[in-house]
Engineer: 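This is the structure, below, for whatever I ask next.
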Amino acid sequence: MINGAHLIVYSRDAEADRAFLRDVLGWPHVDAGHGWLIFRLPPAEVAVHPADVPAQELYLMCDDLAATVDELTEKGVEFTQPVTEERWGLRTALRLPGGGDLGLYEPRHPTAVQL
């Protein structure tokens with residue numbers, strides 16, 4: 001039935017964001033033609049939260065948020081939110097070159113990634 005998921009990031013500067021995913025995060029990719037890169041994502045999971053207005057968010061996960069923030073900062077990545085401690089983990093957000101924000105967090109809850 002379902003064998004994967006395809007995430008689309010809309011950007012004011014798609015070329016810069018593609019370069020960020022390729023060069024800064026080092027994600028493997030395929031060229032779907034004419035430089036249109038499609039990236040392999042790390043293992044993923046999905047959660048459904050109650051809300052008054054339906055929406056979606058994307059958070060990348062890491063094992064050590066402080067080390068990941070340090071590593072990405074050394075590569076020139078801008079963080080748009082301070083690290084905060086939530087009941088479910090530590091979180092922050094980084095700025096993509098195209099202007100969008102991307103969440104980053106260190107889960108402190110069981111994850112479904114290895115299922």
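All figures in this text were calculated on a predicted structure; none of them were measured in a lab. FYI, side chains are in, hydrogens and waters are out, and symmetry mates aren't considered; it's all heavy atoms of this structure.
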Engineer: If you look at every heavy atom in D31 and H34, which pair is closest and at what distance?
Structural biologist: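 Between these two residues, the closest heavy atoms are OD1-N, 3.7 Å.
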Engineer: Under a 4.5 Å side-chain heavy-atom rule over Ile, Leu, Val, Met, Phe, Trp and Tyr, are V46 and M61 clustered together?
Structural biologist: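 No, it is not one cluster - the side chains of V46 and M61 are not joined through contacts under 4.5 Å.
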Engineer: Out of L21, V24, D13, D17, which residue meets the side chain to side chain contact (heavy atoms under 4.5 Å, CB included) rule with P97?
Structural biologist: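 Looking at L21, V24, D13, D17, the match for P97 under the side chain to side chain contact (heavy atoms under 4.5 Å, CB included) is D17.
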Engineer: For R91 and Y59, which heavy atoms make the closest approach, and how far apart are they?
Structural biologist: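 That would be NH1-OH, 3.0 Å.
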Engineer: Pair up each side-chain donor or acceptor in residues 108-115 with any protein partner under 3.5 Å, not counting sequence neighbours, and list the distances.
Structural biologist:
| residue | atom | partner | partner atom | Å |
| --- | --- | --- | --- | --- |
| R108 | NE | E106 | OE2 | 3.4 |
| H109 | NE2 | Y105 | OH | 3.0 |

Engineer: Roughly how far, to the nearest 0.5 Å, is the CG atom of L41 from the CG atom of L60?
Structural biologist: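 Atom-to-atom, L60:CG and L41:CG are 8.0 Å apart.
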Engineer: List the steps and the verdict of side-chain contact (heavy atoms from CB on, under 4.5 Å) for L102 and R95.
Structural biologist: CA-CA 6 Å; L102 186 58; R95 175 71 34 93; over 6 Å; no
Engineer: Name the orientation class of the two ring planes belonging to H29 and F39 (parallel below 30°, tilted from 30 to 60°, perpendicular beyond 60°).
Structural biologist: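 H29 and F39: tilted rings.
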Engineer: Looking only at side-chain N and O atoms, does E86 offer a donor or acceptor that is under 3.5 Å from a partner on T84?
Structural biologist: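 Side-chain D/A pair, T84 to E86: present.
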Engineer: Minimum heavy-atom separation for A32 and I38, please, with both atom names.
Structural biologist: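 Closest approach of A32 to I38, heavy atoms only: CB-CD1, 3.8 Å.
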Engineer: Quick one: ring pair (Phe, Tyr, Trp, His ring centres under 6.0 Å) partners of F79, sequence neighbours excluded?
Structural biologist: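 Scan of F79 (ring pair (Phe, Tyr, Trp, His ring centres under 6.0 Å), adjacent residues dropped) gives none.
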Engineer: One pair to check against side-chain contact (heavy atoms from CB on, under 4.5 Å): L96 and L94. What are the steps and the verdict?
Structural biologist: CA-CA 7 Å; L96 292 171; L94 59 88; 4.2 Å; yes
Engineer: T92 and side chain to side chain contact (heavy atoms under 4.5 Å, CB included): which single residue from T80, V83, D101 fits?
Structural biologist: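 For T92, the side chain to side chain contact (heavy atoms under 4.5 Å, CB included) test succeeds with only one of T80, V83, D101, which is V83.
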Engineer: Please determine if R18 forms a cation-pi arrangement with W36, meaning its NZ or CZ atom is less than 6.0 Å from the six-membered ring centre and no more than 45° off the ring axis.
Structural biologist: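 Yes.
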Engineer: Check whether W88 and V69 end up in the same hydrophobic cluster, where Ile, Leu, Val, Met, Phe, Trp and Tyr are linked by side-chain heavy atoms less than 4.5 Å apart.
Structural biologist: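 No, it is not one cluster - the side chains of W88 and V69 are not joined through contacts under 4.5 Å.
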Engineer: side-chain contact (heavy atoms from CB on, under 4.5 Å), that's the test. Do L72 and L25 meet it? Break it down for me.
Structural biologist: CA-CA 8 Å; L72 292 174; L25 298 184; 3.8 Å; yes
Engineer: For D63, look at atom CG and say whether over 12 heavy atoms of other residues, nucleotides or ligands are found less than 6.0 Å away.
Structural biologist: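 No, the 6.0 Å shell around CG holds no more than 12 heavy atoms from other groups.
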